[in-house]
Amino acid sequence: MAILCASTSVVFSPSPSSSQRLSFSSLKNTHSGNNDSFLGFSVASWKSVARATSFSVNSMRDFRLRFQNSDKLVLVPDNQGWMFEDTEFEGPDIWNTTWYPKAKDHINTEKTWYIVDATDKILGRLASTIAVYIRGKNLPTYTPSVDMGAFVIVVNAEKVAVSGKKRTQKLYRRHSGRPGGMKVETFDQLQKRIPERIIEHAVRGMLPKGSLGRALFNHLKVYKGSDHPHEAQKPIELPLKDKRIQKLK
């Protein structure tokens with residue numbers, strides 16, 4: 001289609017008058033020795049028009065294209081005019097300038113690693129901040145369908161805080177898959193048993209559902225205590241701009 005026009009830009013030229021207008025078939029037969037092509041068919045050079053001006057493309061009117069660094073004008077037949085718009089004075093929009101990340105733009109080994117201490121941090125506000133950095137929403141190159149985010153390490157998961165009466169009223173459910181296999185426990189009970197699961201559960205709910213969300217969830221590393229095995233990645237402190245994230249004593 002229009003992408004076959006090579007790397008040169010094109011300029012529209014007005015169609016000749018009715019007395020000078022030639023059909024595309026007669027022009028093709030007259031200059032059959034010309035080997036130039038446009039959209040897969042032979043075209044002839046047209047040098048009768050010396051100056052290119054703007055015009056509006058009509059469905060029943062053929063027009064010509066002048067290629068950059070060339071004096072040749074290429075005639076576009078009526079049945080090909082639907083690919084061009086009247087606003088494209090300097091040629092068809094064959095260059096797509098919309099940027100989309102390539103594989104080299106989101107290599108996991110080159111991504112940033114962050115670390116955050118969950119001590120006395122409000123669970124929901126901490127999880128939302130972690131989800132933003134895992135998804136990459138803090139980056140100008142953020143793309144919803146691509147893994148552009150960073151890795152986040154959470155330490156001291158057993159010291160995360162909640163507000164109100166959530167320690168006794170917030171419930172976590174899991175099911176074994178067998179009849180009557182529903183297990184229910186409170187926030188306080190789960191924090192004593194598996195404190196890492198609380199932060200993982202909160203962050204997982206803020207990530208996309210599907211294959212992308214499952215891949216992004218692997219960027220979260222939650223640990224009980226202050227030790228973690230990721231010193232080689234040289235993690236930096238996670239920026240926490242929300243002052244309400246710290247529980248007031």
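The first residue of the sequence shown is numbered 1, and numbering continues consecutively from there. Both backbone and side-chain heavy atoms feed into the values below; hydrogens, waters and symmetry mates do not.
- Leu123 and Val154 fall within a single hydrophobic cluster, where Ile, Leu, Val, Met, Phe, Trp and Tyr are joined by side-chain heavy atoms under 4.5 Å apart, directly or via other members.
- Between Tyr172 and Phe187, the ring-plane angle classifies as tilted under the 30° and 60° cut-offs.
- Under the 4.5 Å side-chain criterion, counting only non-hydrogen atoms from C-beta, Leu216 is in contact with Pro208.
- Other residues, nucleotides and ligands contribute over 12 non-hydrogen atoms within 6.0 Å of the CZ atom of Arg193.
- Applying the 6.0 Å contact sphere to NZ of Lys209 captures more than 12 heavy atoms from other residues, nucleotides or ligands.
- Side-chain contact check for His228 versus Ile115: some heavy-atom pair is nearer than 4.5 Å.
- Residues Ser128 and Met206 have side chains in contact (heavy-atom distance under 4.5 Å, counting atoms from C-beta outward).
- In this structure, Met148 and Tyr142 have side chains that are not in contact, with every pair of non-hydrogen atoms separated by 4.5 Å or more.
- Under the 3.5 Å distance criterion, with hydrogens and angles disregarded, a donor-acceptor pair is assigned to the side chains of Asp117 and Thr119.
- You'll find the side chain of Ile122 stays beyond 4.5 Å of the side chain of Val162, heavy atoms only.
- Atom NZ of Lys111 has more than 12 heavy atoms from other residues, nucleotides or ligands within 6.0 Å.
- If you check the side chains of Tyr100 and Ser145, you find a donor sitting under 3.5 Å from an acceptor.
- Under a 3.5 Å cut-off, the side chain of Lys159 and the backbone N or O of Val155 do not form any donor-acceptor pair.
- Arg125 and Gln246 share no side-chain donor-acceptor pair at under 3.5 Å.
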Does Tyr114 form a ring-ring contact (aromatic ring centres under 6.0 Å, His included) with Phe151? I'd like the steps, not just the answer. CA-CA 6 Å; Tyr114 294 97; Phe151 289 81; over 10 Å; no

List the steps, then state whether side-chain contact (heavy atoms from CB on, under 4.5 Å) holds for Trp99 with Thr141. CA-CA 9 Å; Trp99 183 84; Thr141 57; 3.9 Å; yes

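- When all heavy atoms of Arg167 and Ala161 are compared, the pair lying nearest together is NH2-CA, 4.4 Å.
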Might you work through the side-chain contact (heavy atoms from CB on, under 4.5 Å) test for Ile134 and Leu207, ending with a clear yes or no? CA-CA 9 Å; Ile134 289 180; Leu207 295 178; 4.1 Å; yes

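- Proximity of Thr186 to Leu190: side-chain heavy atoms (C-beta onward) are nowhere separated by under 4.5 Å.
- The heavy-atom pair separating Asp147 from His106 by the smallest distance is O-CB, 3.1 Å.
- Put simply, the side chain of Thr168 never gets that close to the backbone of Lys166: no donor and acceptor are under 3.5 Å apart.
- Linking Ile, Leu, Val, Met, Phe, Trp and Tyr residues whenever their side-chain heavy atoms come within less than 4.5 Å places Val160 and Leu240 in a single cluster.
- A continuous path of Ile, Leu, Val, Met, Phe, Trp and Tyr side chains, each step under 4.5 Å between heavy atoms, connects Val152 with Phe217, placing both in one hydrophobic cluster.
- The minimum heavy-atom distance linking Asn218 with Lys221 is given by the pair O-NZ, 3.0 Å.
- More than 12 heavy atoms of other residues, nucleotides or ligands shown are found within 6.0 angstrom of NE2 on His230.
- When the side chains of ILVMFWY residues are joined at heavy-atom separations under 4.5 Å, either directly or via intervening members, Leu171 and Ile198 end up in two distinct hydrophobic clusters.
- The hydrophobic clustering, which links ILVMFWY residues whose side-chain heavy atoms are closer than 4.5 Å, places Val116 and Leu139 apart.
- In this structure the side chain of Trp113 never reaches within 4.5 angstrom of the side chain of His219, judged on heavy atoms.
- Listed here is the closest heavy atom pair of Pro101 and Val146: CG-CG2, 3.8 Å.
- Surrounding CG of Leu248 are at most 12 heavy atoms belonging to other residues, nucleotides or ligands under 6.0 Å away.
- Formation of a donor-acceptor pair under 3.5 Å by the Glu158 side chain with backbone atoms of Lys192 is not found in this model.
- For the pair Glu185 and Arg173, the salt-bridge criterion is not met [side-chain N within less than 4.0 Å of a carboxylate O].
- Under the 4.5 Å side-chain criterion, counting only non-hydrogen atoms from C-beta, Leu238 is in contact with Tyr133.
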